[in-house]
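Each chain gets a letter, A, B and so on, in the order its sequence line appears, and its residues count up from 1.
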Protein chains: 4
Amino acid sequence: MKIAGQISIDDVPKMYPLLSRAVNPQYGEKGTRVVEVAGVRFGGDRPVVIGGPCAVESHEQTVGLAHAVKRAGGDMLRGGAYKPRTSPHDFQGSGLEGLCILSIAREQTGLPIVTEVMDPRLVGEVAKVADMLQVGSRNMHNYTLLAEVGRARKPILLKRGMSASLCEWLGAAEYIAKQGNLDIVLCERGIRGFPSGEYSRYVLDLNVIPAAKMLTFLPIIVDPSHATGVSAMVEPASRAALEMGSHGLLIEVADFSLGVPRCDGLQAIDATALARIVKFAYAHGVSVREPAQVG
Amino acid sequence: MKIAGQISIDDVPKMYPLLSRAVNPQYGEKGTRVVEVAGVRFGGDRPVVIGGPCAVESHEQTVGLAHAVKRAGGDMLRGGAYKPRTSPHDFQGSGLEGLCILSIAREQTGLPIVTEVMDPRLVGEVAKVADMLQVGSRNMHNYTLLAEVGRARKPILLKRGMSASLCEWLGAAEYIAKQGNLDIVLCERGIRGFPSGEYSRYVLDLNVIPAAKMLTFLPIIVDPSHATGVSAMVEPASRAALEMGSHGLLIEVADFSLGVPRCDGLQAIDATALARIVKFAYAHGVSVREPAQVG
Amino acid sequence: MKIAGQISIDDVPKMYPLLSRAVNPQYGEKGTRVVEVAGVRFGGDRPVVIGGPCAVESHEQTVGLAHAVKRAGGDMLRGGAYKPRTSPHDFQGSGLEGLCILSIAREQTGLPIVTEVMDPRLVGEVAKVADMLQVGSRNMHNYTLLAEVGRARKPILLKRGMSASLCEWLGAAEYIAKQGNLDIVLCERGIRGFPSGEYSRYVLDLNVIPAAKMLTFLPIIVDPSHATGVSAMVEPASRAALEMGSHGLLIEVADFSLGVPRCDGLQAIDATALARIVKFAYAHGVSVREPAQVG
Amino acid sequence: MKIAGQISIDDVPKMYPLLSRAVNPQYGEKGTRVVEVAGVRFGGDRPVVIGGPCAVESHEQTVGLAHAVKRAGGDMLRGGAYKPRTSPHDFQGSGLEGLCILSIAREQTGLPIVTEVMDPRLVGEVAKVADMLQVGSRNMHNYTLLAEVGRARKPILLKRGMSASLCEWLGAAEYIAKQGNLDIVLCERGIRGFPSGEYSRYVLDLNVIPAAKMLTFLPIIVDPSHATGVSAMVEPASRAALEMGSHGLLIEVADFSLGVPRCDGLQAIDATALARIVKFAYAHGVSVREPAQVG
């Protein structure tokens, strides 16, 4: 049967030659391109743990959490200044003010910052503050934005679209790479499936980790917060992701003493749980299981 | 069980008050807001049929097809000048030149034009030529683009994201509406499901048509070309969509005597099949089944 | 990438040689094997409409509905005596008593009966009453049952599993055919997808109809009641199914004056709506669109 | 919107009262019912590892593999004598002869046996040999079979249907429990989703493990072989499953020196990999993370 738009995964190297393991033999069968973000090394000798609030809500909240993430042993701070929300009437993030707060949090803690950018016209502005730019799940297919962040000369965290095939995800990464920027870290964050909403927010798709590693040399991390949507699942899902070969974790952390977060509080964990995850990450990392690394 | 990010469909009117039937009683239980595009009326007394090439490839191809669509009885011309492709190395559309060709095709045939815009910075430029701006499936969650087209004062064709819930789709439309532009036509184009790729490209989800009509007063049309991905299915799927209550169709048409289209040829039909669909649309339209219309 | 268990749809004729169009050229490219059930012809010159209650609850309810289906122009009576329910503590059907009631309903109306059998040990007993045996969606993969009904020398209505690929569905039919029984009618009844539960019960997958017709000569009908799960969608979905090429419909009908049905009342329609569907079926059937039939 | 057949996960305790944690407070918030199979304890102080061939093909193959599983430290032997295959023309298992071979393998190694039963009329026969009866994914909704194995007084391994909701899965278990048999072990084996077939066979759904533990006290294990369909993924998926809280693993093992297995060879691992998984299971088991156990 002839169907439009079908791509076999084995034909895809020609779709993403810049990022394909098959086309770039210098990485060998298992080598990873290490992506450095202000000294933090994705794909290096141990998994990276990124923690922080879903949204930057206030100076107190974000700077406080940054210190907590630092104390827990986290490597980087996450936090959204621009938030993609299902309704335009919901809180859309604190914008520029949020970027300033993130900047202060970095100054006080030394943690590099990853934050989302959604508007191609704001890439320059966000890149002034962020150490790493995040392209969110809803914008994975936004090729205009991908090309723009590709020109930004900052490392990019590229989340998987919530129903993107692996081929589409690698194609999206290739849009960034085509602009000369190969400092890309992939991030699995759960896919939409029939169980979505019954007992978890999305379906955590760990199979994609070894599959992605077979096809590309880019590092890949996991966001267990969105992938589960349930605070109590975040810690076991973090361990599972690392065992499956994830090069790191992106985790939403909240200080529940400040009240319920304005965004996605049901999937946040506290700093104590984060510290246990960091400890696990150090002890059980990818490096132990996959010694060969190519820089 | 508490899961982050869950929305019940019955709670959503507050997420899209501008477009919710429940919040806007002037449309009654069944009334549709008629969206006019240069004399073509979506949600009016008969379904609208839009035909044309997937991508504008050449003057000859597009102008020729415009005449063929006109002769077949089509109401509007579609054609992509900017094409979102999975790989950045594939043909990305002919851009400005394509817009010029569409302009000529309209001049010669009188058919209004709908064409996709992907870059918020190009909305003004595309809006100079297009009678209706299309936001494609891959950009349904691109809130930056949605706000920009909302400010463009042109009618918008908003395709459903390939795995968007109905709530997310209406939320996306609300981003446009919030800028003061309520001239929005929804377009179902197939969703991703387990059968995708086995015997059709996507799963044609006709249930969403009556569901959307219960929740909003916006007109809704169907793209049977992408929803099936198989030329032989396009005609029966068109009839099925109209019987399910679709206010129109967006169909890819090719002139196979010119060779295989550069993009998605396996889902295109010829002008003869389009003419049969137009005839069916005139005879079996929504107006027959749902007499009450609110303008 | 090598993955266990993968089957290309183009390789499948060898998986179901008895039912494959490619292997049985006597049916040509479009011919259908007509399956006769007590004079009712599936795949014949017009679509078949089957109506009746979800479950046989009482003599009054079922016999009353049988008369209503008859008056509405329906061809056959459906009704479950054995009901597969998610919980063992729910009403499981009226069993033997239900079969007796169905028998009386047939005697009074002349409508042939289709009813579900779940236990291979009861096939003989159910076959004494039923004119056609239904294998339900939950038992499509129950190969023991399939072989047993294949030996029963009664026509079989084989519902698609709620997440069965087309290949798996045809393989299930082949289990019946292998026992010498080729009187099989396929029935699409909605598939599980991410929208299940948001605005409809399942996703009505009409693309599978033309796809199945390309691969096999068996007739195929649609159950719009389960596929939508919403009474108001059943009538438009019935029309859509017929336009897509369905050879018939299996519809749940209720007499709401008797109170709410014990099972799936939200997806039932009344006899007046059924009569409209019958009228549409007679006027717009597959025969009009696909004249060539092979018996 | 009113949709037939909808069940909220929080309403389900009344659907499976025998197995619901909420209805059976003796298990507390985290306690597991230990299911014993000839001395092997599911839900006990360390995870259980079951290994063996997909299908029993020959005495040499199965007895050889049983010894290899034993040497690798495995707790139980798996092996199919009756195989559910998509096509009736494929190898259907060796039946009675296969049961005999399994019996010999147990005698020689002392490993208890789990094997699938598909026909309710064969439950007694299979139960004579098997220490634990497996109900496969395709028969999860086969309520006739579930009731029959419930009467068999043998522990049951109940695989999740490939698109079963958690509620449906627990409902299926309740059918067994209703017959007085509470010795049930759940087994997640991958679900059908859009990535199925692109880079893995099914989607490994680990989120269901903590979710199931919140709702029921039954032990739950994972089949990483089917859930991935790719040999190279089985070992990391096994570790991931254990970190997510799985009480054990069901793994397909092959002796590749004997040639390619007749069934699903692409997802089998060798005994050396099994030994590494066993070692991991002993060191990192659920007991470490969830000390409280209720028998």
Side-chain angles (χ1 to χ4, degrees), chain A residues 7-10 12 160 162-170 190-215 222 224 227-246 276 280 283-284 286 289-290, chain D residues 6-10 12 160 162-169 190-215 222 224 227-246 276 280 283-284 286 289-290:
Chain A
I7 303 154
S8 160
I9 204 164
D10 295 317
V12 288
R160 181 184 187 182
M162 65 183 78
S163 73
S165 68
L166 177 50
C167 177
E168 290 170 346
W169 193 11
L170 294 175
I191 57 174
R192 188 152 271 174
F194 71 84
S196 304
E198 192 196 8
Y199 49 81
S200 61
R201 185 172 188 176
Y202 293 98
V203 179
L204 171 63
D205 178 17
L206 293 182
N207 288 349
V208 84
I209 297 176
K213 287 177 161 185
M214 289 181 213
L215 294 176
V222 169
T228 64
V230 178
S231 300
M233 294 187 189
V234 171
E235 193 174 342
S238 296
R239 296 194 308 262
L242 294 176
E243 291 297 341
M244 201 72 175
S246 178
R276 285 194 300 266
F280 184 91
H284 293 78
V286 282
R289 317 218 178 272
E290 296 181 356
Chain D
Q6 300 311 298
I7 304 154
S8 159
I9 205 164
D10 294 318
V12 288
R160 181 185 187 182
M162 65 183 79
S163 70
S165 68
L166 177 50
C167 177
E168 289 170 348
W169 193 11
I191 57 174
R192 189 150 270 174
F194 71 84
S196 304
E198 192 197 8
Y199 50 82
S200 61
R201 186 172 186 175
Y202 293 98
V203 180
L204 171 63
D205 178 19
L206 293 182
N207 287 349
V208 83
I209 298 176
K213 288 178 161 184
M214 290 182 212
L215 295 176
V222 170
T228 64
V230 178
S231 300
M233 294 187 189
V234 171
E235 194 174 340
S238 296
R239 296 194 307 263
L242 294 177
E243 291 298 341
M244 201 73 175
S246 177
R276 285 194 300 266
F280 184 92
H284 293 78
V286 283
R289 320 222 173 268
E290 297 181 357

Applying a strict 4.5 Å limit to non-hydrogen atoms, the region of A/Ala227 in contact with chain D is backbone

Side chain, backbone, both or neither of A/Ala164 within contact of chain D (heavy atoms, under 4.5 Å): backbone

Taken in chain and number order and not counting sequence neighbours, the residues that satisfy side chain to side chain contact (heavy atoms under 4.5 Å, CB included) with A/Pro236 are A/Arg239, D/Met244

Heavy atoms only, distances under 4.5 angstrom: which of D/Pro224, D/Pro210, D/Gly197, D/Gly193 has the most pairs with chain A? Name it, please.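 That would be D/Pro210.
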
Between D/Met162 and A/Phe194, the two heavy atoms sitting closest are O-CE2, 4.0 Å

What closest approach, in Å, do D/Ser165 and A/Glu198 show between heavy atoms, and which atom pair accounts for it?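 In terms of heavy atoms, the two residues are closest at CB-OE1, 3.4 Å.
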
Ranking A/Ala212, A/Pro195, A/Ser238 by heavy-atom pairs under 4.5 Å to chain D gives rank one to A/Pro195

Mind ranking A/Ile209, A/Leu215, A/Thr228 by heavy-atom pairs under 4.5 Å with chain D and telling me who comes out on top?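 Max contact count across the listed options: A/Thr228.
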
Let me know which of D/Asp205, D/Leu206, D/Val203 forms a side-chain contact (heavy atoms from CB on, under 4.5 Å) with A/Leu206.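 Answer after filtering D/Asp205, D/Leu206, D/Val203: D/Leu206.
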
Quick one: does A/Asn207's side chain have a donor or acceptor within less than 3.5 Å of a partner on D/Tyr199's backbone? no

